[in-house]
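Position 1 is the first residue of the sequence, and the numbers go up from there. Since we're looking at a predicted model, the values are computed, not measured. FYI, side chains are in, hydrogens and waters are out, and symmetry mates aren't considered; it's all heavy atoms of this structure.
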Amino acid sequence: MVREHVWWSVGDGDGQADPGEDVVLALDVASSQFHQDDGSYNLRGTSLSAEELVSLYQGFLKAHRIVSIEDGFHETAWEDWVIQSQRLG
């Protein structure tokens, strides 16, 4: 199981920032770094299909105000990009 870990270390003068108001998030996944020859994506020993990876991203989007996902899939995995576009827009 891939666990989600998000740490906030953003602040203004008093050390407080309001995520979604003062701060938005963008992910640079760099998925080409963990893309496998069989087309799967290996995250810390867990093998995920493109569908499963999109579901993971979908969970992040529901839980956090993420405005952009960069490099969500391997640069030549065009079918994976189609899945993401269909499910996430």
Next on the checklist: Run I66 and L27 through side chain to side chain contact (heavy atoms under 4.5 Å, CB included) and show every step you take.
Outcome noted: CA-CA 7 Å; I66 297 171; L27 301 179; 3.9 Å; yes
Checklist entry - Are V29 and F34 side-chain neighbours, meaning at least one heavy-atom pair lies under 4.5 Å? => result yes
Item to check | Expected output: side-chain E52 to main-chain S49 donor-acceptor under 3.5 Å | outcome: yes
Item to check | Check: L43 and L56 side chains under 4.5 Å, non-hydrogen atoms | outcome: yes
Checklist entry - Going from NE2 on H35 to CG on D71, what distance comes out if it is rounded to the nearest 0.5 angstrom? => result 13.0 Å
Checklist entry - How many angstroms lie between CG in D28 and OG in S68, if you round to the nearest 0.5 Å? => result 8.5 Å
Next on the checklist: Would you compute the distance between atom OG of S31 and atom CG of L48 and round it to the nearest 0.5 angstrom?
Outcome noted: 11.5 Å
Between side-chain atoms of residues 79-89 and protein atoms elsewhere (two or more places apart, or another chain), which donor-acceptor pairs fall under 3.5 Å?
unit_1, atom_1, unit_2, atom_2, d
D80, OD2, Y41, OH, 2.6
W81, NE1, H74, O, 3.0
S85, OG, W81, O, 3.1
R87, NH1, E51, O, 3.2
R87, NH1, E51, OE1, 2.7
R87, NH2, S55, OG, 2.9
R87, NH2, Q58, OE1, 2.8

